[in-house]
Amino acid sequence: MSNEVRLEVQDVSKTFGITKAVQHVSEKFYKGEIHALIGENGSGKSTLTNMLTGIYTKDSGKFILDGVEVNAKNQVDANNHGIAIIVQELGTLDGLTVADNIFLGHEDLFVKHGIKNTGAMNKKANELLKQYGFDRIKASDYVDDYNFEDRKLVEIVKSTYFKPKVLVVDETTTALSQEGREELYKVMNQVRDYGGTVIFISHDLPEVLEKSDRITILRDGVYIGCVKSSDVTENDLKRLMVGREVTGDYYRADYGEPVSKEVTLSVKNVTVPGKIEDVSFDLHKGEILGFGGLSESGMHEVGKAIFGASYDRTGTVTLADGTQINDIPTAIKHSIAYTSKDRDNESVVMNQSIGDNIVLPSLDDLGIGPLKIQSDKKLKAFAEKYAKELSVKMVDTNQFVSELSGGNKQKVVLARWVGKDSDIVVLDSPTRGIDIKVKQDIYQLMNQMRKNGKSIIMISEELMELIGMCDRIIIMKDGKISGELERRRDLSENDLIASMV
């Protein structure tokens with residue numbers, strides 16, 4: 001890290017309605033450093049970097065890049081100034097090829113006499129993909145043909161091929177498997193090595209301490225301080241983020257508790273072509289059943305298959321009363337809930353209010369009389385009750401979900417299903433992009449649901465949360481079940497990894 005300032009943030013503020021998202025924040029970022037930005041959900045991390053990269057417009061203050069003030073109008077304009085961002089959620093556009101996405105806004109590189117040379121663009125994109133080690137992804141394919149993780153890899157290429165001066169990595173590691181994370185770390189180090197600056201946003205505190213040079217802490221939109229990564233511990237960071245010690249139970253503390261023999265859901269010989277093959281298991285009343293594996297193991301498809309969201313599924317998903325689950329309406333009607341890993345595209349309606357999102361699966365239950373007439377007052381009271389119960393940080397329930405931080409969006413998703421009072425809850429990556437305190441809240445909620453007799457399936461790439469929360473863990477590999485482990489005190493990450501690879 002040099003002593004030369006690359007980016008200076010001067011007295012920057014942003015307000016959404018009555019919410020002061022960022023309040024007079026100032027900080028310096030140096031050339032050749034990975035500078036982490038941490039804080040609880042809603043602390044202002046993403047808002048600050050979204051203003052830098054042209055996604056939001058700041059209310060006041062300045063961004064000074066290499067001595068020159070920058071006011072990016074959009075992400076393409078930010079790229080032209082040498083600033084790039086890899087966003088937390090999906091940042092590629094459906095209906096376009098991989099190459100179109102990589103060079104979005106920069107197609108003029110391949111235009112001559114007003115005609116775009118698609119062949120030359122595809123050739124260059126394939127060269128870049130090969131250079132990054134992502135050559136299994138093809139430039140001419142539609143990006144829709146690829147899964148969430150591969151699309152994030154396309155974003156990495158899109159955001160870094162032109163060697164940006166400043167690269168913002170906003171919660172990207174939570175969307176990636178361990179292999180994908182290692183690829184991203186390589187790119188971050190390359191940016192640092194050529195003298196660029198990486199602004200690294202993550203809720204994974206051990207990752208922050210290991211990968212960053214310095215760490216800036218925000219709390220409720222206010223600058224708290226900046227520390228060297230080598231000078232602090234994980235507990236120091238927690239205290240700075242929250243403003244107090246984080247106490248109480250984190251994971252479950254019980255061991256040896258018998259799980260009910262009552263089967264609430266039976267999955268037999270479930271296959272989704274190209275995804276999972278011949279998967280069978282039983283889920284018991286009051287059980288947290290975990291699914292782990294590498295990114296392409298098929299574990300995420302298991303959740304969709306249970307919820308009836310896989311159109312080409314074979315095999316059976318059967319409830320205790322004999323009901324077959326073959327589609328989403330049947331699943332919801334029979335008290336099954338599902339939260340997707342791809343939160344913004346599959347779990348919430350971004351351009352609807354918090355209230356509309358929370359009441360959505362419960363509309364029939366909340367209707368009055370045989371015609372199920374909706375009462376606005378009743379719907380509002382329901383939404384407010386569960387938004388408050390999950391401590392959603394908001395203006396009110398009329399606020400659009402799109403304006404919330406990642407963690408608060410996740411709380412809205414969970415509020416929806418807690419309100420529905422579902423008996424079987426399938427949680428795919430429930431703590432992805434969530435801060436330490438909200439994670440603790442979600443774990444405690446899951447534990448209480450378990451004690452209340454609810455059955456939970458938790459799909460996660462975070463091995464410690466599987467070990468800490470689950471009664472059983474099923475490991476997936478190449479679309480098949482490769483191992484099953486029972487809850488015990490001495491269960492380690494290595495025990496799970498042995499069945500994954």
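Model, not experiment: these values are computed from the prediction.
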Are the side chain of N147 and the backbone of D150 linked by a donor-acceptor contact shorter than 3.5 Å? yes
Under 3.5 Å, is there a donor-acceptor pair linking the side chains of R151 and T92? yes
Ring of F134, cation from K130 - is the NZ or CZ under 6.0 Å from the centre and inside 45° of the axis? no
Is it the case that N50 and T47 place a side-chain donor and acceptor less than 3.5 Å from each other? no
Could you verify whether a donor N or O on one side chain and an acceptor N or O on the other, from E301 and S310, lie under 3.5 Å apart? yes
Ignoring hydrogens and angles, tell me if any N or O in the side chain of R6 forms a donor-acceptor pair with the backbone of G195 under 3.5 Å. yes
Could you tell me whether R214 and E33 make a salt bridge, using a distance below 4.0 angstrom between a side-chain N and a carboxylate O? yes
From H24 atom NE2 to D11 atom CG, the distance as rounded to the nearest 0.5 Å: 6.0 Å
Measuring from atom OG1 of T216 to atom CD of E27, what distance do you get when rounded to the nearest 0.5 angstrom? 3.5 Å
With distance as the sole test, does R313 use its side chain to make a donor-acceptor pair with the main-chain N or O of A305 at under 3.5 Å? yes
Looking only at atom types and distance, does a side-chain atom of N79 sit under 3.5 Å from a main-chain N or O of I83, one as donor and one as acceptor? yes
Tell me the closest heavy-atom pair linking C470 and M458, and the distance in Å. SG-CE, 3.9 Å
Would you mind checking if E107 and K116 are paired as a salt bridge, meaning a charged N to carboxylate O distance below 4.0 Å? no
Distance (rounded to the nearest 0.5 Å) between L390 CG and R416 CZ: 12.0 Å
One thing to verify: whether D145 and K138 come together as a salt bridge, which I'm taking to mean a side-chain N less than 4.0 angstrom from a carboxylate O. no
Exactly one of E149, E210, E462 clears salt bridge (charged side-chain N to carboxylate O under 4.0 Å, His left out) with R181, and that residue is E462
Derivation and outcome, ring pair (Phe, Tyr, Trp, His ring centres under 6.0 Å), residues F400 and F16: CA-CA 11 Å; F400 275 21; F16 296 102; over 10 Å; no
With I481, which residues qualify under side chain to side chain contact (heavy atoms under 4.5 Å, CB included), at least two apart? V279, I474, M476
Can you name the closest pair of heavy atoms from A36 and V208 and give their distance? CB-CG1, 3.7 Å
Side-chain H-bond candidate by donor/acceptor type, Y132 with T160, under 3.5 Å: yes
When you check the side-chain N and O atoms of K409 and N357, is any donor under 3.5 Å from an acceptor? no
Rounded distance [0.5 Å steps], OG1 in T197 versus CG in D66: 8.0 Å
Could you check L240, I224, L237 and say which one makes a side-chain contact (heavy atoms from CB on, under 4.5 Å) with I38? L237
First locate atom CG of L93, then atom CG of D100, and finally report the distance between them rounded to the nearest 0.5 Å. 9.5 Å
Can you measure from CD1 (I215) to CE (M241) and round to the nearest 0.5 angstrom? 10.5 Å
Pairs meeting criterion salt bridge (Lys or Arg N to Asp or Glu O under 4.0 Å) with involvement of residues 220-234, two or more places apart: D220-K393, E234-K238
Tell me whether the centres of the aromatic rings in F103 and F162 are closer together than 6.0 Å. no
Is a donor from one side chain sitting under 3.5 angstrom from an acceptor on the other, for S26 and Q10? no
Between I456 and M446, which heavy-atom pair has the shortest distance, and what is it? CD1-O, 3.5 Å
Kindly determine whether K158 and E155 satisfy salt bridge (charged side-chain N to carboxylate O under 4.0 Å, His left out), including the steps that lead there. CA-CA 5 Å; K158 171 187 174 183; E155 276 183 70; over 6 Å; no
Y223/V12 under side chain to side chain contact (heavy atoms under 4.5 Å, CB included): CA gap, chis, key distance, verdict: CA-CA 10 Å; Y223 175 86; V12 170; over 6 Å; no
For the pair H35 and F29, name the ring-plane relationship: parallel under 30°, tilted 30 to 60°, perpendicular over 60°. tilted
Side chain N269, main chain D278, donor-acceptor under 3.5 Å: no
Is the positively charged end of K211 above the ring of Y185, judged by distance under 6.0 angstrom from the centroid and angle within 45° of the axis? yes
In sequence, state the C-alpha distance, the side-chain angles, and the governing distance for I358 and V412, and then conclude on side chain to side chain contact (heavy atoms under 4.5 Å, CB included). CA-CA 6 Å; I358 291 174; V412 170; 4.0 Å; yes
Evaluate side chain to side chain contact (heavy atoms under 4.5 Å, CB included) for V267 paired with T316, printing each intermediate quantity in order. CA-CA 6 Å; V267 174; T316 59; over 6 Å; no
Is there a donor in the side chain of Y30 and an acceptor in the side chain of N3, or the other way round, less than 3.5 Å apart? no
Neighbour count above 12 (heavy atom, 6.0 Å) for K62 NZ: no
S229 and S212 side chains, donor-acceptor separation under 3.5 Å: yes
Hey, are H300 and E461 close enough side-chain-wise for a donor-acceptor pair under 3.5 Å? yes
Taking the side chain from K14 and the backbone from T57, do they hold a donor-acceptor pair closer than 3.5 Å? yes
Minimum-distance pair of heavy atoms, taken over all atoms of Y443 and T431: CE2-CG2, 3.8 Å
Is it true that E40 and R219 have a side-chain N and a carboxylate O under 4.0 angstrom from each other? no
I'd like to know if the side chain of D59 pairs up with that of S13 as donor and acceptor (distance under 3.5 Å, no hydrogens or angles considered). no
Mind running side chain to side chain contact (heavy atoms under 4.5 Å, CB included) on V168 and I86 for me, showing each step along the way? CA-CA 6 Å; V168 178; I86 307 171; over 6 Å; no
For Q75 and T53, test the side chains for any donor-to-acceptor distance below 3.5 angstrom and give the result as yes or no. no
